[in-house]
Amino acid sequence: MKNFQPLPNPEDLVFVDLLSDAGFKLVYANPENKSLLINLLNIVLPEFVRVSDIVEYRDREQTPESIFSKKTILDLVCKDNEGNIFSIEVQRKIDGEFGKRCVYYAAGQYHSQLQRGQGYEELHPVFEIAFLEEQVPHEDEEYWDTDNIISRYHIAEMSTGERLGSTFFIIFAELGRFTKRAEECVTVKDRLFYWFKHASELKDAPKWSEEPDLSALMTATQIAAFPPEKKETYIKDIMNERDIKYQQNICYKRGLEQGLEQGREEGARETAIKTAKSLLQNGISVDIVARCTGLSLEEVKSLAV
């Protein structure tokens, strides 16, 4: 059984939660904060890629939200003036298939660049970037610590490490490994990671927040500085995000994990049907069952008859 910690009232927050979908998009998907996004990208990207301008922003739609497909909209996709594509998301929890999912999305972005009649020379590199509250398991755990939280993957020859061109790259910023206190953060990178991880917990910004490299980010994440409409939208989005997680928690508490484990070999759809029947028998509403299992509302209603 999972333990679910109570979350603070959004009305009590002083700074935006950058590890939430709503908070991240509010700050970094806003063209007015383009310089913040450029700084963020240049901190996590490999040194041979430098972003000087962002020329396009767009959302990336995915499959419906369910226990089998964790997200409906990934946080941000943007393109720089060199044609590089950056697909950025935040995740609090990751599972064993998270790496495969990132490769799948990156390959999809790479593939989708070409229209009919275009040649392969039109392809630009794709960077799939995830900011994670947890840690990604590594074969050599001794290397990864609070000073080394960015892991970067690409297609390379196994013996020599030679890259197979600049195709697509997977980058993780593992904030679960970042343990520095505010007073220990002396570089811009450390301070940015600290803010990503702790902003939503704080009532006052650290002393270094007024320095030029950080002051714009502090302003962009200070909820009290938002116009009323923007603050209302943020709180609404946060509550909606929590509502989805709460519905998933209900499913878990009703034995969903056990049902999924027992039905793993039977296929996802068969498992979803069995789980839906069990939840319905426990009095869970058809709306929540549909959302948690990925079945359509009509399908769930037919099982409830």
Side-chain angles (χ1 to χ4, degrees), residues 18 21-22 24-66 68-91 94-132 136 150-174 267-269 294 296:
L18 290 174
D21 297 339
F24 180 86
K25 291 187 71 172
L26 182 73
V27 174
Y28 285 106
N30 183 352
E32 295 180 1
N33 294 331
K34 182 191 296 187
S35 62
L36 299 181
L37 178 58
I38 291 173
N39 290 339
L40 178 69
L41 290 172
N42 285 334
I43 280 177
V44 300
L45 289 170
E47 292 185 358
F48 63 85
V49 181
R50 296 292 89 183
V51 177
S52 59
D53 193 16
I54 301 295
V55 298
E56 181 182 347
Y57 294 79
R58 63 177 184 269
D59 281 336
R60 180 176 64 190
E61 299 287 343
Q62 295 296 342
T63 51
E65 174 92 31
S66 77
F68 305 107
S69 176
K70 299 296 193 299
K71 295 174 71 68
T72 47
I73 302 177
L74 295 179
D75 303 279
L76 173 64
V77 178
C78 59
K79 183 186 293 186
D80 72 359
N81 53 331
E82 299 295 326
N84 299 313
I85 297 173
F86 308 96
S87 181
I88 315 167
E89 61 177 292
V90 293
Q91 286 285 345
I94 60 174
D95 56 34
E97 305 304 322
F98 181 70
K100 291 181 181 179
R101 181 171 73 78
C102 289
V103 172
Y104 176 80
Y105 289 154
Q109 286 289 334
Y110 191 72
H111 174 269
S112 66
Q113 294 181 69
L114 292 188
Q115 305 299 317
R116 186 181 297 274
Q118 290 183 308
Y120 296 119
E121 69 277 1
E122 302 289 333
L123 290 171
H124 293 278
V126 170
F127 298 85
E128 179 77 22
I129 303 168
F131 291 86
L132 309 173
V136 175
I150 303 175
S151 48
R152 305 178 179 96
Y153 302 85
H154 57 84
I155 300 176
E157 204 285 323
M158 293 180 67
S159 299
T160 66
E162 177 185 0
R163 288 205 315 271
L164 189 61
S166 292
T167 52
F168 57 85
F169 301 77
I170 313 296
I171 300 174
F172 300 139
E174 303 175 40
R269 179 167 175 76
S296 69

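The CZ atom of F168 sits 11.5 Å away from atom CD of Q109, with the distance rounded to the nearest 0.5 Å. To the nearest 0.5 Å, atom OH of residue Y28 and atom CG of residue N39 are 8.0 Å apart. Considering OG of S52 and CG of N42, their distance stands at 8.5 Å, rounded to 0.5 Å. Distance CZ/R50 to CG/D80: 11.0 Å, rounded to 0.5 Å. One finds the CG atom of L76 at 10.5 Å from the CZ atom of F86 (value rounded to the nearest 0.5 Å). Here E97 contributes atom CD and K100 contributes atom NZ; the two are 4.5 Å apart, rounded to the nearest 0.5 Å.
Counting only heavy atoms from C-beta outward, the side chains of Y153 and C102 never approach each other to under 4.5 Å. Using a 4.5 Å heavy-atom threshold, the side chains of E122 and Q113 count as separate. Contact annotation: the side chain of I129 never approaches that of L40 to less than 4.5 Å [non-hydrogen atoms, C-beta and beyond]. Residues C78 and L37 are in side-chain contact: their nearest non-hydrogen atoms beyond the backbone lie under 4.5 Å apart. With contacts defined as side-chain heavy-atom distances shorter than 4.5 Å, the pair N84/L45 does not qualify.
Partner of L123 under the side-chain contact (heavy atoms from CB on, under 4.5 Å) criterion, chosen from T167, L114, I85: L114.
Of the possible polar contacts, none joining the R58 side chain to the K79 backbone as a donor-acceptor pair under 3.5 Å is found. Counting only distance, with no hydrogens or angles, the side chain of N33 and the backbone of V27 share a donor-acceptor pair below 3.5 Å.
In terms of heavy-atom proximity, G161 sits nearest to A156 at O-CB, 3.7 Å. In this structure, S151 and E174 approach most closely via the heavy-atom pair OG-OE2, 3.0 Å. I150 approaches V44 most closely through the heavy-atom pair CG2-O, 3.8 Å. The minimum heavy-atom distance between I54 and K34, with the atom names listed, is O-NZ, 3.3 Å. Contact between F98 and A130 at its shortest, heavy atoms only, is CZ-CB, 3.8 Å. For G83 against H124, the heavy-atom pair with the smallest separation is O-CB, 3.0 Å.
Ring geometry for F169 versus F127: interplanar angle under 30°, hence parallel rather than tilted (30 to 60°).
Heavy atoms of other residues, nucleotides or ligands lying less than 6.0 angstrom from CD of E157 number more than 12. Atom CD of E121 has more than 12 heavy atoms from other residues, nucleotides or ligands within 6.0 Å. By the neighbour-count criterion of 12 heavy atoms within 6.0 Å, atom OH of Y120 is sparsely surrounded, having that number or fewer from other residues, nucleotides or ligands. The 12-atom threshold is not exceeded at CD of E162, counting heavy atoms of other residues, nucleotides or ligands nearer than 6.0 Å.
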Practice problem: Report the C-alpha distance between L18 and V90 in whole Å, list the side-chain angles of each, state the deciding distance to 0.1 Å, and finish with yes or no for side chain to side chain contact (heavy atoms under 4.5 Å, CB included). | Solution: CA-CA 8 Å; L18 290 174; V90 293; over 6 Å; no
Exercise. Go through the steps to decide whether I88 and F131 satisfy the test side chain to side chain contact (heavy atoms under 4.5 Å, CB included), and finish with yes or no.
Key: CA-CA 8 Å; I88 315 167; F131 291 86; 3.7 Å; yes
